[in-house]
Amino acid sequence: MSDAAALLSVRGLSKRFGGVHAVDHIDLDVAPRETVALIGPNGAGKTTFYNLLSGRMQPSTGRVIFDGRDVTGLPPHRISRLGISRSFQITNIFPELTARENVEVALTALHGKALRLFSRAAGDQELHDEAQALLDRLGLGSLAASRAGTLSYGDKRLLEIAIVLATRPRLVLLDEPTAGMTPEETRGVVELVRQLAQTSEYTFLITEHDMEVVFGLADRIVVMHRGAVLAQGSVDEIRASRVVREAYLGEED
Ligand SMILES: Nc1ncnc2c1ncn2[C@@H]1O[C@H](COP(=O)(O)OP(=O)(O)OP(=O)(O)O)[C@@H](O)[C@H]1O
Ligand SMILES: [Mg+2]
């Protein structure tokens with residue numbers, strides 16, 4: 001099914017590593033403002049799928065259409081500028097810079113040119129204010145002047161999300177944003193994503209191993225297994241699906 005209104009349309013997308021079909025002919029449509037959870041056991045191909053969407057890896061076959069435009073195989077910086085931004089499974093920040101400086105770097109990459117139209121001081125002030133506003137929104141406002149390397153693990157992951165949002169994405173790819181977090185930190189991130197999803201224009205694709213988190217957050221769940229889409233549907237449909245329970249949820253027991 002091809003959906004003209006989809007923000008993201010993936011068709012026949014595949015990635016092989018030698019004999020491994022890491023991503024195997026995936027078809028997927030994501031509507032604007034939808035929050036889609038991508039789940040599946042270790043090695044199912046979730047991170048590889050994100051790597052293909054974000055331009056970090058070239059697909060073996062297939063197409064990625066974003067907002068009606070074929071972005072297949074474009075380099076990461078161009079895809080990012082078009083509005084797809086991703087977080088990494090591993091924390092990806094500059095530890096020596098402050099939290100706010102980390103966000104400023106991302107903002108500069110986004111609209112460095114526009115800022116050069118202002119005087120240097122005005123441009124700096126604007127950057128500073130925008131970075132602070134973003135940190136406030138993520139509950140990190142009071143840590144803006146702290147060196148990023150000194151933040152707690154959970155706050156580092158939040159900062160990483162701030163850096164992702166600083167690129168003004170329309171599609172946000174979150175690869176296990178709560179990995180390694182305490183239950184309390186996990187709740188914080190889930191609540192944040194829920195709020196962002198409800199109060200902003202963002203569209204989310206999120207990978208998460210904790211089923212409670214997934215069921216509480218997603219508009220739709222896509223289950224990957226051995227590189228392919230095994231099933232997709234609402235939370236209730238996936239919960240009730242025997243094929244999913246056997247292939248995936250069952251494996252967790
Ligand atoms: N750069 C690579 N070179 C070779 N094989 C790779 C590479 N990246 C991933 N793979 C293989 O592709 C398959 C899918 O891996 P991927 O990391 O995408 O899974 P995942 O669903 O993200 O798993 P996890 O839940 O553990 O993060 C695995 O068999 C993995 O070993
Ligand atoms: Mg992964």
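Note that the coordinates shown come from a computational prediction; the quantities given were computed from them, not determined experimentally. Both counts, for ligands and for their atoms, begin at 1 and track the order of listing.
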Next item on the list: Ignoring angles and geometry beyond distance, decide whether Gly40 reaches within less than 3.5 Å of ligand 1 through its nitrogen or oxygen atoms.
Entry: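 Between Gly40 and ligand 1, no N or O pair is found under 3.5 Å apart.
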Notebook entry, point to check: Quick check: does Gly43 get an N/O under 3.5 Å from an N/O on ligand 1?
Noted result: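 Yes.
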Next item on the list: Please could you name the atoms of ligand 1 that Glu176 approaches to less than 4.0 Å, counting only its heavy atoms?
Entry: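 So the answer, numbered in order with elements, is 25 (O), 27 (O).
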Check: In ligand 1, which numbered atoms sit nearer than 4.0 Å to a non-hydrogen atom of Asn42?
Finding: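 Going through ligand 1 atom by atom, the ones under 4.0 Å from Asn42 are 23 (O), 24 (P), 25 (O), 26 (O).
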Checklist line | With Leu8, the side-chain contact (heavy atoms from CB on, under 4.5 Å) member among Asp29, Val30, Val36 | finding: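 That would be Val30; it is the only one of Asp29, Val30, Val36 passing the side-chain contact (heavy atoms from CB on, under 4.5 Å) with Leu8.
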Notebook entry, point to check: Can you name the residues that form a side-chain hydrogen bond (donor to acceptor under 3.5 Å, both in side chains) with Asp67, not counting sequence neighbours?
Noted result: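 Here the qualifying residues are Arg170.
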Notebook entry, point to check: Hey, is His209 touching ligand 1 through its side chain, its backbone, both or neither, going by heavy atoms under 4.0 Å?
Noted result: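 The answer is the side chain.
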Margin query: Residue-level breakdown please: for Val20 versus ligand 1, do any non-hydrogen atoms fall below 4.0 Å on the side chain, on the backbone, on both, or on neither?
Written below: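 Side chain only.
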Margin query: If the cut-off is 2.8 Å, does any N/O/S atom of Thr47 fall short of it from the Mg ion (ligand 2)?
Written below: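 Thr47 does place an N, O or S atom closer than 2.8 Å to the Mg ion (ligand 2).
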Notebook entry, point to check: Do you know which two heavy atoms are closest between Leu135 and Ala99, and how far apart they sit?
Noted result: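 So the two residues come closest at CD1-C, 4.1 Å.
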Next item on the list: For Ala218, check side-chain contact (heavy atoms from CB on, under 4.5 Å) against everything at least two apart and list the hits.
Entry: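 Ala218: side-chain contact (heavy atoms from CB on, under 4.5 Å) contacts with Ala37, Ile221.
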Note to self: Is a donor from one side chain sitting under 3.5 angstrom from an acceptor on the other, for Asp236 and Ser234?
What the structure shows: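 Short answer, no.
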Notebook entry, point to check: If you measure from atom 16 (P) of ligand 1 to every heavy atom of Asn51, Val23, Leu52, Thr48, which option wins on shortest distance?
Noted result: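 Of the listed residues, Thr48 has the closest heavy atom.
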Next item on the list: Step by step, work out the side chain to side chain contact (heavy atoms under 4.5 Å, CB included) result for Leu82 and Leu74.
Entry: CA-CA 10 Å; Leu82 289 168; Leu74 291 182; 3.8 Å; yes
